Amino acid sequence: MTEQESRTVVIIGAGPSGAVASALLQRKGHQVLVLERAHFPRFSIGESLLPQCMEYLQQAGLAEAVEQAGFQFKNGAAFCRGQRYAEFDFTDKFSPGPGTTYQVQRGRFDQLLADGAAAQGVEIRYGHSLTSVQMQEHGAVLEVETDDGGHYRIDCQFVLDASGFARVLPRLLSLESPSDFPNRKALFTHIEDRAQGGFDRNKILITVHPDYEDVWFWLIPFSDGRASLGVVASAEYFDGQEDQDCAETLKRWVADTPSLAAVLADARFDQPVNQLQGYSANVSRLAGPRFALLGNAGEFLDPVFSSGVTIAMKSAVLAADVLHRQLQGQAVDWQQEYSRPLQEGVDTFKTYVKAWYDGRFQSVVFHENANPKIRQMVCSILAGYAWDRDNPFVKDSARRLTALVEVCQ
């Protein structure tokens with residue numbers, strides 16, 4: 001006979017959105033169980049946080065542990081293409097809130113957040129995977145499999161999917177929807193960077209290929225002399241290279257980009273190179289009466305502005321608030337109180353991501369003698385404040401950006 005349990009809230013995944021959501025709900029007095037299929041620490045990308053994240057970590061009681069962990073300090077972003085170079089100082093922004101954050105090895109960072117949630121009373125079960133779900137009027141029935149072959153069932157009142165790229169509920173509930181972003185591919189690894197040329201370790205470096213404006217690299221320095229390195233390009237740029245070694249392919253892309261090659265002239269590639277293709281994703285809906293999708297489980301745009309963890313944490317904060325009120329017996333509207341406000345910020349990021357790849361936003365980034373006030377507004381978005389409706393470049397992102405591009409071009 002299958003063992004059966006009852007829980008108030010079950011969260012799928014112990015990554016940043018799962019840890020933040022579980023800590024927030026636990027602090028509000030709710031019984032939370034987190035199911036995580038992996039065993040921490042585990043490798044993940046998305047290592048460059050945005051300052052907006054620090055507010056969400058503070059709300060969840062997790063900021064102090066992150067601040068004391070010795071991660072690489074981050075105060076902005078640098079952009080390079082050929083001889084052009086631009087920096088954005090996140091402390092010089094339009095929106096109120098933190099202007100600095102950290103660049104983190106995600107294995108250690110995610111473990112830190114999960115441990116912080118557990119210390120607040122959250123139960124986390126590692127090596128437990130959700131295999132099926134039956135949504136019901138008053139909750140859900142979950143079938144769970146452990147990595148040692150065990151099975152059990154959970155009755156719960158609500159399910160939050162924080163499974164990231166695994167996208168558990170979208171897959172089980174047939175919620176997946178095609179993304180309107182092109183099919184892109186990323187090659188990435190961690191290196192001993194031995195960076196040259198006055199490289200600013202307090203900033204992520206985004207480098208554009210000298211010949212292709214839609215091909216770019218990230219270089220995210222860590223506090224131990226290592227860094228995350230990746231290249232992103234449309235899948236067709238890799239046609240005919242499927243049988244080639246990923247490490248050699250990544251090195252060749254770097255060598256073809258002189259400014260980045262100079263920074264990494266002495267770098268040691270001592271870890272395997274991973275690849276991810278077709279990563280952009282969407283869903284038909286973000287929530288229902290008894291479930292909600294957090295972060296990448298709902299929609300993932302692109303890594304170019306490091307928005308993934310920020311969106312994940314924002315979704316956790318929004319969902320925890322709505323769910324708390326629902327569990328107290330209040331009437332809530334998940335579409336109006338969760339999906340819509342979350343999507344507003346996602347759509348703001350989307351405006352700038354699309355404009356990055358078609359070159360329009362690059363003309364803004366590299367524009368000389370920019371208006372200081374407008375630059376502060378743009379900087380706020382790059383710092384993660386994509387939900388600040390007082391910022392004209394958030395509230396009316398597409399039209400404002402179009403007008404700005406015309407000026408810069």
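Bear in mind that the values here come from a model prediction, so they are computed numbers and not experimental data. As a basis for the values below, the full set of heavy atoms in this structure was taken, side chains included, without hydrogen atoms, waters or symmetry mates.
Inter-residue side-chain proximity for K395 and D390 is flagged as unmet; no heavy-atom pair is nearer than 4.5 Å. Using a 4.5 Å heavy-atom threshold, the side chains of Q362 and V208 count as touching. Taking the side chain as every heavy atom from C-beta outward, V231 and F188 never approach each other to under 4.5 Å. The side-chain heavy atoms of T257 and F217, taken from C-beta on, include a pair separated by under 4.5 Å. Side-chain contact between L112 and F71: present, with at least one pair of heavy atoms (C-beta onward) separated by less than 4.5 Å. At a threshold of 4.5 Å between non-hydrogen side-chain atoms, the residues S6 and C156 do not count as touching.
In this structure, the side chain of R184 does not engage the main chain of V232 through any donor-acceptor pair within 3.5 Å. Under a 3.5 Å cut-off, the side chain of T249 and the backbone N or O of D245 do form a donor-acceptor pair. Put simply, the side chain of R167 gets close to the backbone of N296: a donor and an acceptor are under 3.5 Å apart. Distance alone, capped at 3.5 Å, is enough to place a donor-acceptor pair between the T351 side chain and the D347 backbone. Put simply, the side chain of S234 never gets that close to the backbone of E236: no donor and acceptor are under 3.5 Å apart. Between the side chain of E123 and the backbone N or O of A118 there is no donor-acceptor pair closer than 3.5 Å. Although no hydrogens or angles enter the test, the distance criterion places a donor-acceptor pair under 3.5 Å between the side chain of R81 and the main chain of H209. In this structure a side-chain-to-backbone donor-acceptor pair under 3.5 Å is present from Q326 to P289. One N or O on the side chain of E36 and one on the backbone of A38 form a donor-acceptor pair closer than 3.5 Å. Judged by distance alone, the side chain of S280 and the main-chain N or O of L301 form a donor-acceptor pair under 3.5 Å.
Under 4.0 Å is where a charged nitrogen must lie from a carboxylate oxygen, and between D92 and R375 no such pair does. Electrostatic pairing of R325 and D321 counts as a salt bridge here, judged by a charged N lying under 4.0 Å from a carboxylate O. Here R226 does not pair with D224 in a salt bridge; the nearest charged N to carboxylate O distance is not below 4.0 Å. The pair D147-R37 does not count as a salt bridge, with every side-chain nitrogen at least 4.0 angstrom from each carboxylate oxygen. Comment: E143 engages R153 in a salt bridge, judged by a side-chain N to carboxylate O separation of less than 4.0 angstrom.
Counted within 6.0 Å of CG on N369, heavy atoms from surrounding residues, nucleotides or ligands total 12 or fewer; the atom is thus considered open. A 6.0 Å sphere centred on OH of Y212 holds no more than 12 heavy atoms belonging to other residues, nucleotides or ligands. Other residues, nucleotides and ligands contribute more than 12 heavy atoms inside 6.0 Å of the CD atom of Q409. Counted within 6.0 Å of CD on Q83, heavy atoms from surrounding residues, nucleotides or ligands total 12 or fewer; the atom is thus considered open.
Looking at every heavy atom in both residues, A383 comes nearest to K93 through CB-CD, 4.2 Å. For the residue pair E337 and V322, the shortest heavy atom distance occurs at O-CG2, 3.7 Å. Nearest heavy atoms, V168 versus D161: N-OD2, 3.4 Å. For the pair P341 and Q335, the tightest heavy-atom approach, listed with the atom from each and the gap, is CD-O, 4.3 Å. Across all non-hydrogen atoms, the minimal contact from S22 to A117 is OG-CB, 3.6 Å. Across Y385 and G97, no two heavy atoms sit closer than the pair OH-C, 3.2 Å.
Under the side-chain hydrogen bond (donor to acceptor under 3.5 Å, both in side chains) criterion, W218 pairs with S228, sequence neighbours left out. With sequence neighbours left out, A319 forms a side-chain contact (heavy atoms from CB on, under 4.5 Å) with L160, L294, W334, Y338. T310 pairs by the side-chain hydrogen bond (donor to acceptor under 3.5 Å, both in side chains) definition with nothing, not counting sequence neighbours. Residues passing the side-chain hydrogen bond (donor to acceptor under 3.5 Å, both in side chains) test with Q68, sequence neighbours excluded: E64. A search for side-chain hydrogen bond (donor to acceptor under 3.5 Å, both in side chains) contacts involving R201 returns D193, not counting sequence neighbours.
Applying the ring pair (Phe, Tyr, Trp, His ring centres under 6.0 Å) definition to pairs two or more places apart or across chains, those involving residues 257-289 are Y279-F300.
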Go through the steps to decide whether K350 and D302 satisfy the test salt bridge (charged side-chain N to carboxylate O under 4.0 Å, His left out), and finish with yes or no.
-> CA-CA 9 Å; K350 186 179 295 186; D302 191 273; over 6 Å; no

For side-chain hydrogen bond (donor to acceptor under 3.5 Å, both in side chains), just list the numbers for Q72 and N202, CA-CA rounded to whole Å, side-chain angles, deciding distance to a tenth of an Å, and then say yes or no.
-> CA-CA 7 Å; Q72 174 63 50; N202 292 337; 3.1 Å; yes

Carefully, step by step, assess V215 and Y237 under the rule side-chain contact (heavy atoms from CB on, under 4.5 Å).
-> CA-CA 9 Å; V215 177; Y237 283 108; 3.8 Å; yes

Chi angles and distances behind the side-chain contact (heavy atoms from CB on, under 4.5 Å) call for D214, W356 | CA-CA 8 Å; D214 59 339; W356 170 265; over 6 Å; no

Evaluation steps, salt bridge (charged side-chain N to carboxylate O under 4.0 Å, His left out), between R84 and E213 | CA-CA 13 Å; R84 291 178 291 177; E213 66 182 5; over 6 Å; no

Could you walk me through whether L142 and S132 pass the side-chain contact (heavy atoms from CB on, under 4.5 Å) test, one step at a time?
-> CA-CA 6 Å; L142 313 179; S132 73; over 6 Å; no

Could you check K74 against K203 for side-chain contact (heavy atoms from CB on, under 4.5 Å), going step by step and ending with a plain yes or no?
-> CA-CA 5 Å; K74 176 185 176 183; K203 294 177 176 64; 5.8 Å; no

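Residues Q58 and Y56 bring no donor and acceptor atom of their side chains to less than 3.5 Å of each other. There is a side-chain donor-acceptor pair under 3.5 Å between E55 and Q52. Residues H190 and E47 bring a donor and an acceptor atom of their side chains to less than 3.5 Å of each other. Side-chain contact annotation: E299 with Q343, donor-acceptor N/O pair under 3.5 Å present. A donor-acceptor pair shorter than 3.5 Å cannot be found between the side chains of E145 and T131.
In this structure, the separation between CG on D333 and CZ on R340 is 10.0 Å, given to the nearest 0.5 Å. Annotation: the span from F109 atom CZ to S44 atom OG amounts to 10.5 Å, rounded to 0.5 Å. With rounding to the nearest 0.5 Å, the separation of CG in L169 from OG in S163 is 7.0 Å.
Checked against a 6.0 Å centroid threshold, the rings of F158 and F291 do not count as neighbours. Separation of the F40 and Y126 ring centroids falls under the 6.0 Å cut-off.
For the ring pair (Phe, Tyr, Trp, His ring centres under 6.0 Å) criterion with F305, the lone passing option out of F361, Y357, F88 is F361.
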